[in-house]
Amino acid sequence: MQNNFLTSIRSLKLIEGCKGTQVYAVNPSSTVATAAEKLASLRPTFSLRSKSISQHHHPTNNQHQNYHHRTLSLDSLISTIGLPSPDLIDPSIDPFLRPIEHVDALASSFRSLSSAMSSLASSSLPSSSLCDVHLEHCALLRSIGDPKLLRRALRSARIHSQDIHHKIVLSAWLRFERREDELEPFPSPLNCSPTSPVLECPRAALTSGYAPDVPFDPCPCRCIADPSASSSAPARPPDLAEDDIDLWFSIGDEEIPCVRSRIAALSRPLSTLLYGGFAEACRERINFTLNSISARAMRAVEAFSRGGSLDDYPPDTVLEVLAFANRFCCEGLKATCDSKLASIVRNVDDALLFIDYALEEAAYVLVAACLQVFLRELPRSLQKTEINVILCSPEGRARLAMAGHASFALYYFLSQVAMEEDMTSNTTVMLLERMGECAAPGWQKQLAMHQLGCVMLERGEYKDAQKCFEVAVQEGHAYSVVGVARAKYKKGHKYSAYKLLNSLISEHTSNGWMHQERSLYCNGNEKMTDLSTATELDPILSYPYKYRAVTLAEEDKLGAAVAEISKILGFKVSTDCLELRAWFYLALGSYELALQDIRAILTLDPGYMMFHGKMHGDQLIDALRQYVQPWDMADCWMQLYDRWSAVDDIGSLAVVHQMLTKEPGNSSLRLNCQKAAMHSLRMARNHSTSEHERLIYEGWILYDTGHRKEGLAKAEESIALQRSFEAFFLKAYALADTSLDQASSSKVIQLLEQANSCASDNLRKGQAYNNMGSVYVDCDMLDEAAECYIKALAIKHTRAHQGLARVYYLKNQKKAAYDEMTKLIERAKNNASAYEKRSEYCDRDMARSDLNMASKLDPLRTYPYRYRAAVLMDDHKEKEAITELSRALSFKPDLQLLHLRAAFYDSMGNYAATARDCEAALCIEPDHSDTLELYDRARARAMEQLK
C-alpha cells in the first residue's frame, strides 16, 4: 500500500507547539494502568525520549577522496557561519499571562468561575460576565500549554455567549483552533461537515438568544440538509384592495398606492408624519422623490406593511429598504432587511460587497454575517487590504463599534492569529493596539499591553516596548517586569535591568524564569549560578542548556556541548535545540549526525531557517547529502526499523523525512506534532491512489478528532473494498476505544490476527503482536499475552519488553519482570519511562534510584515526585513531602500532583491549603470526582473550625 509507512508510525506525535522554544511534553504518570492507558497501548507510538548518541559516524576515506573538492565548499560554509553566538540565543519573552504562583492563580480562576455560575443560577437573567470569565480562564491556561484545556475554556465561553457578536467570534476561534482536523485544507467558511461540532456552526452563531443548557442540539446546517425537515414557502402578503388605498407616494413619475394606517404602523416617526400635525397628514399624495428611495423599494416597503416579508425582492432593493428603515426608525422593517441580507452572505466576495453598506446602516446581523466570513477565513483574509482596513485601523474599529461589533474578544482572537503568522508585522501591531483600546482594566489590559510590548521588543522598538510593559506591570502583571528589564537592557541600561530582576526575586517566591532572566544581566560565575538555579527550579527551560552548550563550544569542548544540549533533547524535542546540536555536529565533522538532526527539524517544521535565519534547512541538506552514504527506499525501511527497535525517536523522525522526500507526490507529508500529524494524514488521504487507502486515512483523521464510530465505519468500508493490514488495524484500534467488554476484546484480537495475516512488514507486525498482548493481559489471559510479546520481541519490537515484564509481574515473578525491564533500558538508553516502570518491580531503595534516574532524564514525568512524596509521608516527614510535590508543581501544574498535595494538607489539618489545591486541580479538570469529594470535605471542616 502506498504511504504504508505512514500507517506504521502514524502516531509519531511530538508535543503541541514544537515550533517554538517552549515545548511542553505530556507524559503518563500513573503506575496503575487506567482504562485510557490500556487503550493507548493499542496505538503504535514512539516515545519522546531521545536516545543519546555517543558515536560519531564520519564519511569513509573513499567518500573523502571522491568529494574532496566539495568538502572545501562545505568547510567554507562552516567557516562563514562560525559557531553560534551566546548573544543570539537569548530567550524570548512569553507573550501570554504568566502568574508568579500558578496554583494560586488557578485556584482564583476556579473561584471566579464558581461565583459566576452561582450568580447565573440565582438570577433569571443570564450573567453577561460569564463568557468573559471563561475567556479569562482561557488566557490563564495558555501558560500551561495544553491545547485541550484551551479548547475546553473556549467552548465554555462560546456556550455562555449571549449576543451574536461573541457567538461568531468564539465559533470562528474554535474552528481556527481545530483547523488541522479538517479533511480539506481550506473548507468552505460557512458549511458544516457531518462531524463539525455544533458550537462551530455559522448559522447557529447568527441566532440570537442564550441557551447554555442546550448547546448540542442538531445545528441548523444539518437541519437544512435533512430532506425530512419541513420547509414551507413563506406566506405571500394579501392583495391590496382598492377600497383600502388611501395614500399614494409619488417617486418620479410613479405612484405607489398604500394603506396609510399600515405605513404609519411601521414606526413612530412615520405615524407622526401621517397622522400628526404635519401637512402630509392631510394629503393623499406625498412626494417622496427626494427621499433617496426608488419606486421599487417603496413598493417593497408597502408589501412589508401588509405581509411582514421581503422574500420576493433582490438584495439591491432590500438595501434601499434598509436605508429607508434607518431613516424613519422602522425597527421591525430594519430587522427583516438585516436578516434577509445576512442570509445571502456566503463567501468573502459577498461580505466585501455588503460590509460597507452594513456598517453605514449599523445593520447588526449583516455586519455579523460579513465579519463571520472574515474570521472563518483567517489568516488569509488579513492579507486582503479591504479587510485589513476594517479590522485593523482605528477608523475600522470605530465603525465596528457603531454597529455593536468591536470587542476585546474580537481583537484578542485576531491578535493571536496575527502573532502566529508574523509577530513583527504592522498588522499585528495595529490589532494589538485595537485590543488595548477595547481592554477593560485588569487582566484584559495586562494581556493587551504585555503582548504589544513583546511585539515591540521583537521589532526593536525598545522605548515603546518598555512603555507597554510598564503599563502591564501597573495593571498587576508582575511577569511584565521581565519585559521592562529586557527593554532597558537593549537600550544599554544593563545594571538597571539587573536591579529590576533582583527586586522581583526578593519580593516573590523564586521561579526558574526569574533566575534565567537575571542571568542575562550578569557575567562569569554569577551568571552560571543563576542558570544552574534556573535549571534546578524549572528544568524544562531550554535557554540554560543552550547557553552552557554554546559556552562549552566556545571553549572548544564540542563533545561536552553536544552532551549538554542532548540533556534537554532527551525529554523536550524542539527545533532550536536540534539546530544547535546540528551546528555542533557540523563543527565536529559528524555530517551524518548533523544531517539527522536537520532532517528531524524539517519534519517538525518544514519551513525552518537555519543559522539565525540565514539558510533554509533544505539547502543545508543539499550541501550535506554528498558527504554521507546515500540510501534508497529499501535502506530507509531498514534504518527506520533499526531506529524503531532502538527507541531512537529523533533518528526515526529523520528517516521519515528522507522517506517522504523520496516520494515527490507525498513530499509535503509530515509526521510531527499533533498539528502537523493531522496535516500529514490529510495529505496522505489526498494523495491516495485507491479508494480503500483514502478511506483508511479518513478513518484515522476521524478517530484522532474524537469521532470513533465514524472512524470505525471508514475502516469497515475499506475492508469491504480490500483486505489490508492498515484497515484491520484501524478497525481494531477504533473498536478497542469504543468498547472494553469481553466480547469486544475477543473481536479486537481477531482483527489484529487478521491484520497480521495480510501482507505487511515486521515493523507493523510487531506492533500488532504487542497490541494483542495488551488485550490478552486485560482479559487475564497471561500465557497468550506472553506468547504475543515473545513473538514481537523475536522481530525486534523492543517495546514488548515492557508488556512481557507486566505479564511476569502479574504471575508474581517480580525478578523476571525487573530483568525484562532491564533489557528494555539496555536497548533504549536514557529512556525515562523504562526506569519509571522498572521501579514497580523492585524494593524501595532500588525503586528510589530508578525514579531519581527517571526524573533526571525526564523531569516532566510526575510519578517519581508522587512516589518520593508518598514515601516521605509514610516516614512522617510531612514538610519534606509537601516540598517534593511543590518542586514539580512550580513548573508543571498537574492534576494528580495537586490532588496528592491537597490530600497531604488534609491529613495535616491544613484545610485552607487543601481547598486551594483542590480548586487549582478542579480548574484543570472540573469533573474529577476524587478531588470534588476532597474539596467538599475540606470546606466543611474549615467551616467547623470557624464555629
Side-chain angles (χ1 to χ4, degrees), residues 96-97 99 101-144 146 148-171 173-174 177 199 204-205 208-216 404 407-413 435 438-448 475-477 893 895 898 902 912 915-929 931-932 934-936 938-940 942-943:
F96 44 72
L97 298 179
E101 293 287 351
H102 264 297
V103 174
D104 290 342
L106 289 171
S108 177
S109 180
F110 174 80
R111 290 193 296 271
S112 297
L113 286 170
S114 300
S115 176
M117 293 297 292
S118 299
S119 299
L120 176 65
S122 62
S123 173
S124 58
L125 296 176
S127 171
S128 59
S129 65
L130 194 53
C131 175
D132 290 335
V133 172
H134 282 291
L135 204 57
E136 179 183 2
H137 183 52
C138 176
L140 173 64
L141 291 174
R142 194 167 291 276
S143 63
I144 295 179
D146 187 339
K148 291 182 180 179
L149 296 181
L150 288 175
R151 292 186 191 184
R152 189 184 68 201
L154 280 176
R155 283 195 297 270
S156 297
R158 166 64 183 88
I159 288 171
H160 293 286
S161 299
Q162 298 182 70
D163 54 68
I164 288 176
H165 171 73
H166 281 85
K167 288 181 181 180
I168 64 165
V169 170
L170 293 167
S171 294
W173 198 340
L174 283 167
E177 293 291 334
L199 291 176
S208 60
Y210 176 71
D213 297 327
V214 287
F216 301 110
S407 69
F408 177 82
L410 170 65
Y411 290 105
Y412 184 15
F413 173 34
M435 179 179 166
C438 294
W443 76 270
Q444 292 184 1
K445 202 72 171 179
Q446 291 174 20
L447 179 62
E475 289 290 330
H477 190 227
L895 171 66
L898 286 165
R916 180 204 59 202
D917 282 359
C918 286
E919 288 164 349
L922 293 171
C923 188
I924 296 173
E925 180 50 69
D927 300 323
H928 193 252
S929 58
T931 302
L932 284 168
L934 180 59
Y935 183 47
D936 291 339
R939 286 196 300 173
M943 292 297 294

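A quick note: this is a predicted structure, and the numbers were derived from the prediction, not measured.
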Do the side chains of [Y] and [X] get nearer than 4.5 Å, heavy atoms only?
X: Gln444; Y: Leu135; value: no
X: His477; Y: Leu97; value: yes
X: Gln162; Y: Cys131; value: no
X: Asp146; Y: Leu141; value: no

Work out which heavy atom in [X] is nearest to a heavy atom in [Y]; give both atom names and the distance.
X: Tyr411; Y: Cys438; value: CD1-SG, 3.7 Å
X: Ala915; Y: Ala938; value: N-CB, 4.4 Å
X: Phe110; Y: Glu919; value: CB-O, 3.4 Å
X: Ala409; Y: His166; value: CB-CD2, 3.9 Å
X: Ala205; Y: Lys167; value: O-CB, 3.5 Å
X: Trp443; Y: Asp132; value: CZ2-O, 4.0 Å

Partners of [X] by side chain to side chain donor-acceptor pair (under 3.5 Å), sequence neighbours excluded?
X: Ser156; answer: none
X: Ser112; answer: none
X: His137; answer: Ser109
X: Gln446; answer: none

Non-neighbouring partners of Asp104 that pass side-chain contact (heavy atoms from CB on, under 4.5 Å), sequence neighbours left out: Glu101, Arg916
Non-neighbouring partners of Ala105 that pass side-chain contact (heavy atoms from CB on, under 4.5 Å), sequence neighbours left out: Pro99, Leu140
So how far is it from [X] [atom1] to [Y] [atom2], rounded to the nearest 0.5 Å?
X: Leu150; Y: Arg142; atom1: CG; atom2: CZ; value: 5.0 Å
X: Tyr935; Y: His928; atom1: OH; atom2: NE2; value: 16.0 Å
X: Leu154; Y: Leu149; atom1: CG; atom2: CG; value: 11.5 Å
X: Ile924; Y: Lys148; atom1: CD1; atom2: NZ; value: 14.0 Å
X: Thr931; Y: Asp936; atom1: OG1; atom2: CG; value: 11.0 Å
X: Ser929; Y: Leu934; atom1: OG; atom2: CG; value: 11.5 Å

Parallel, tilted or perpendicular: rings of Trp173 and Phe413 (30°, 60°): parallel
Aromatic ring pairing His134/His160, orientation class (parallel under 30°, perpendicular over 60°, tilted between): parallel
Stepwise side-chain contact (heavy atoms from CB on, under 4.5 Å) check, Met117 with Val133: CA-CA 10 Å; Met117 293 297 292; Val133 172; over 6 Å; no
Any donor-acceptor pair under 3.5 Å from Arg151 side chain to Glu177 backbone: yes
